[in-house]
Every structure is written in structure tokens, then in C-alpha cells.
Amino acid sequence: QVQLVESGGGLVQAGGSLRLSCAASGLTLSSYAMGWFRQAPGKEREFVAGISWSGSSTYYGDSAKGRFTISKGNAKKALYLQMNSLRPEDTAVYYCAARRSSYYSADIDEYDYWGQGTQVTVSA
């Protein structure tokens, strides 16, 4: 059974940092492209960042460019999202997702597995 479990969310002041983690079981991360998405109240789920199954290629949504970094753990069993210079508009539930492909996608329908999400709240 595939499980993705996010952690690391919380409350932080604007300008602060958080590091989100996504622990995977039931699959080998090196065989999946991965993505981080987020969903704020009343808004659609949006793409934040993606990484290829090798970890050699990454891509960011406009809101994340220059502030967030996606990476995979050395053992390829965890996905991370380092978030710096956080803003109140980054407040959302953050989800990790796995795609049975070598390459990431910004389309939520392209992903096969999802975690339950972790709440990130940025205060002004």
C-alpha cells in the first residue's frame, strides 16, 4: 500500500522559513517524479514545485521561484520542500504527490498518489 505522509508544517512569521518533508512507503521514490502542491481556503489546488525521478531536474511555479527548493533525500525515501522568505499568501495546506513517470507535471490530474497534507500558516 502506497502512503505519502507530509510533516513540517506549522505557524511562522512572515520572512521566516519552514522545511516540509514527505515520507514515502510502498513505493521507491527514485522510480517516481514528485511534486508539491498547495491549496488555500476557497482556492484551487496549485502547483508549487516538481522534481524528476532522478532528482536532477526541478521546476517551480511562479509563486515559489527564488524562495522554495525541492529536493529528494539521499536514500530516495523522502521528498523535501525548503521554504524561505515566507509570505502570508503562502498560507495553505501543502501536499506531496507522486507520479509514475520520469518527469514531473504541474497538472494535478497527472499524479497517481497524494498525501493528506500539512498546514502552513504565515502570519503578517
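These numbers were taken from a predicted model, which means no experiment stands behind them.
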What heavy-atom pair brings [X] and [Y] nearest, and what distance separates the two atoms?
| X | Y | value |
| --- | --- | --- |
| P88 | A14 | CD-CB, 4.1 Å |
| A92 | Q119 | O-NE2, 3.5 Å |
| L86 | V12 | CD1-CG1, 3.6 Å |
| L20 | V120 | CD2-CG2, 4.0 Å |
| S85 | S17 | N-OG, 4.4 Å |
| G35 | Y111 | N-CE2, 3.7 Å |

Distance check, rounded to the nearest 0.5 Å: [X] atom [atom1] versus [Y] atom [atom2]?
| X | Y | atom1 | atom2 | answer |
| --- | --- | --- | --- | --- |
| S21 | K77 | OG | NZ | 15.0 Å |
| R99 | D109 | CZ | CG | 11.0 Å |
| W53 | Y32 | CH2 | OH | 10.5 Å |
| L79 | E6 | CG | CD | 9.5 Å |
| Q3 | C22 | CD | SG | 11.0 Å |
| E44 | I108 | CD | CD1 | 7.5 Å |

*Salt bridge check: are D62 and K65 linked by an N-O gap of less than 4.0 Å?*
yes
Establish whether [X] and [Y] are linked, either directly or via other cluster members, by ILVMFWY side-chain heavy-atom contacts under 4.5 Å.
| X | Y | value |
| --- | --- | --- |
| F37 | V2 | no |
| L27 | V5 | no |
| L4 | Y95 | no |
| F47 | Y60 | no |
| V93 | Y113 | no |

*Student check: side-chain heavy atoms of S63 and E46 closer than 4.5 Å*: yes
*Is there a side-chain contact between M83 and V48 (heavy atoms, below 4.5 Å)?*
no
*Would you please say whether a donor-acceptor pair under 3.5 Å links the side chains of R38 and Y94?*
yes
So, does [X] use its side chain to make a donor-acceptor pair with the main chain of [Y] at under 3.5 Å?
| X | Y | value |
| --- | --- | --- |
| S105 | D107 | yes |
| T69 | Q82 | no |
| T118 | S7 | no |

_In terms of relative ring orientation, are Y59 and Y104 parallel, tilted or perpendicular, with 30° and 60° separating the classes?_
parallel
_If you count every heavy atom of other residues, nucleotides or ligands that lies below 6.0 Å from Q13 atom CD, does the total exceed 12?_
no
*Are F68 and W36 near enough that their ring centres are under 6.0 Å apart?*
no
